[in-house]
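Worksheet: the structure to be examined is printed underneath.
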Amino acid sequence: MVKVLPSLLASDFLNLESEMTRMEEAGVDIFHLDIMDGQFVPNISYGIPVCEAISKKTNIPLDVHLMTEDPDQFVREFRDMGVEYLSFHIEATPHAHRLITHIKDNNMKAGIVLNPQTPVKDIEYVLDIVDFVLVMTVNPGFGGQSFIESGVKKIAELDSIRTRENYDYLIEVDGGINDETAKVCRDAGADLLVSGSYLFKADDLRETIKDLKGEL
């Protein structure tokens, strides 16, 4: 079953708690948090104190996407918040295998992220240990971008490898997700769909979530 993850970066920060409550009541599965350091990507999002506050106001899982240099420095802080999913970019570290193991040793699900230009073969030798792969269908660091179609080929490739090798990782997609692109991603094998402005601006949030999940 496909799960929907609202990206809190697209929420109204002045009403963050009520935005989270609205999403939970409408049926989202996991909250997605984008952490930007102004180095790996040009922008800066929210930091550790905001993430701690978010973790105290929800009972659904948190999925943290690190768009940072030196991603290993944050592992214990997010573990202490009770974060369930923690992902980092393969482009951000030469020691992906070690970092995946470190995240799992801290009782979190470890994810690895692919930028739009990064091929699946770059993570081939960690697919047997990773819990999920996040396919970026926009360039990281900015909201409101258009969906990059070539990401669908990567989703299908990851789904094919998963079946062939009997791996059990999940495939997450982030960027430009709406009713049309969600269907394309689901058909290609995606399990987790991150949606930002499309979800937060929906007139009928409950129906929109069902539509993204393919339940309508």
Side-chain angles (χ1 to χ4, degrees), residues 1-41 43-89 92-93 99-113 130-134 136 140-143 169-175 177 191-202 205-206 209 212-213:
M1 176 179 146
V2 172
K3 295 183 177 180
V4 169
L5 295 70
S7 172
L8 293 182
L9 195 62
S11 68
D12 177 358
F13 283 178
L14 292 179
N15 297 286
L16 183 54
E17 184 175 357
S18 63
E19 290 275 77
M20 292 169 59
T21 300
R22 185 167 69 95
M23 288 288 159
E24 287 188 52
E25 291 177 348
V28 299
D29 302 285
I30 302 167
F31 282 126
H32 180 84
L33 284 70
D34 289 307
I35 307 301
M36 308 175 188
D37 64 353
Q39 300 294 319
F40 184 74
V41 293
N43 286 338
I44 295 174
S45 58
Y46 33 74
I48 298 298
V50 173
C51 294
E52 286 178 335
I54 291 170
S55 71
K56 294 174 182 174
K57 290 295 181 181
T58 183
N59 292 317
I60 69 172
L62 298 179
D63 168 41
V64 172
H65 170 196
L66 297 174
M67 302 182 215
T68 69
E69 303 286 355
D70 301 321
D72 51 328
Q73 66 183 304
F74 300 109
V75 171
R76 290 189 175 85
E77 287 178 286
F78 286 112
R79 175 203 62 191
D80 292 343
M81 291 177 210
V83 166
E84 186 167 329
Y85 300 81
L86 185 64
S87 61
F88 64 92
H89 281 255
T93 175
L99 182 51
I100 291 167
T101 302
H102 183 45
I103 293 170
K104 293 168 72 109
D105 286 346
N106 280 276
N107 300 314
M108 292 180 283
K109 294 181 173 62
I112 197 157
V113 189
V130 79
D131 293 303
F132 64 105
V133 179
L134 171 52
M136 293 300 299
F142 301 92
Y169 55 76
L170 299 176
I171 303 171
E172 182 176 357
V173 185
D174 183 4
I177 294 296
D191 308 287
L192 308 172
L193 298 176
V194 178
S195 184
S197 54
Y198 176 78
L199 198 53
F200 280 94
K201 293 179 180 177
L205 186 54
R206 194 177 293 273
I209 291 168
L212 292 178
K213 291 182 177 181

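No hydrogens, no waters, no symmetry mates; every other heavy atom, side chains included, goes into these values.
For Ser55, the side chain to side chain contact (heavy atoms under 4.5 Å, CB included) partners are Leu62, Met81, not counting sequence neighbours.
Between atom NZ of residue Lys201 and atom OG of residue Ser195 there is a gap of 11.0 Å, rounded to the nearest 0.5 Å. In this structure, CZ in Phe132 is found 11.5 Å from CG in Asp191, a value given to the nearest 0.5 Å. The CD1 atom of Ile103 lies 13.0 Å from the NZ atom of Lys109; values are rounded to the nearest 0.5 Å. One distance of note links CD of Glu172 with OG of Ser87; it measures 6.0 Å at 0.5 Å rounding. Between Ile35 atom CD1 and Leu9 atom CG the span is 9.0 Å, to the nearest 0.5 Å. The line from NZ of Lys3 to CG of Leu170 is 8.0 Å long, rounded to the nearest 0.5 Å.
Distance alone, capped at 3.5 Å, places no donor-acceptor pair between the Ser11 side chain and the Leu16 backbone. Side-chain atoms of Arg79 never come within 3.5 Å of backbone atoms of Asp105 as a donor-acceptor pair (strictly under, hydrogens ignored). Remark: the backbone N or O of Met108 is not paired with any side-chain donor or acceptor of Asn106 at under 3.5 angstrom. Without hydrogens or angle criteria, Asp131 side chain to Ala110 main chain gives a donor-acceptor distance under 3.5 Å. Between the Asn43 side chain and the Gly141 main chain, a donor and an acceptor come within less than 3.5 Å of each other. A donor-acceptor pair under 3.5 Å is absent between the side-chain atoms of Asp12 and the main chain of Glu19, judged by distance alone.
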field: Derivation and outcome, side chain to side chain contact (heavy atoms under 4.5 Å, CB included), residues Leu66 and Phe40
entry: CA-CA 9 Å; Leu66 297 174; Phe40 184 74; over 6 Å; no
task: Could you go through the side chain to side chain contact (heavy atoms under 4.5 Å, CB included) check for Glu77 and Asp80 one step at a time?
output: CA-CA 5 Å; Glu77 287 178 286; Asp80 292 343; 5.8 Å; no
message: Between Ile177 and Val194, is the side chain to side chain contact (heavy atoms under 4.5 Å, CB included) condition met? List the steps.
response: CA-CA 7 Å; Ile177 294 296; Val194 178; 5.7 Å; no
- request: Determine, step by step, whether Asp72 and Thr93 satisfy the side chain to side chain contact (heavy atoms under 4.5 Å, CB included) criterion, reporting the C-alpha distance in whole Å, the side-chain angles of both residues, the deciding distance to 0.1 Å, and the verdict.
  value: CA-CA 9 Å; Asp72 51 328; Thr93 175; over 6 Å; no
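Across every non-hydrogen atom of Thr58 and Phe31, the tightest pair is OG1-CE1, 3.5 Å. Phe78 and Leu86 get closest at one heavy-atom pair: CD1-CD1, 4.1 Å. Summarising the geometry of Ala10 relative to Ser197, their closest heavy-atom pair is CB-N, 3.5 Å, with the distance given to 0.1 Å. The minimum heavy-atom distance linking Ala92 with Pro71 is given by the pair O-CD, 4.0 Å. Considering every non-hydrogen atom in both Val130 and Tyr169, the closest pair reads O-CB, 3.5 Å. Of all heavy-atom pairs spanning Leu8 and Tyr46, the tightest one is CB-OH, 4.0 Å.
Asp34 and His32 are linked by a side-chain donor-acceptor pair at a separation below 3.5 angstrom, with hydrogens and angles left out of the test.
Looking only at side-chain heavy atoms (C-beta outward), Phe88 and Ile112 come within less than 4.5 Å of each other. Counting only heavy atoms from C-beta outward, the side chains of Asp29 and Lys213 approach each other to under 4.5 Å. Between Leu212 and Tyr198, the closest side-chain pair of non-hydrogen atoms falls below 4.5 Å. Two residues are said to be in side-chain contact when any heavy atoms from C-beta on lie closer than 4.5 Å; Val113 and Met67 fail this criterion.
Annotation: Glu69, atom CD; neighbour count of heavy atoms from other residues, nucleotides and ligands within 6.0 Å is above 12.
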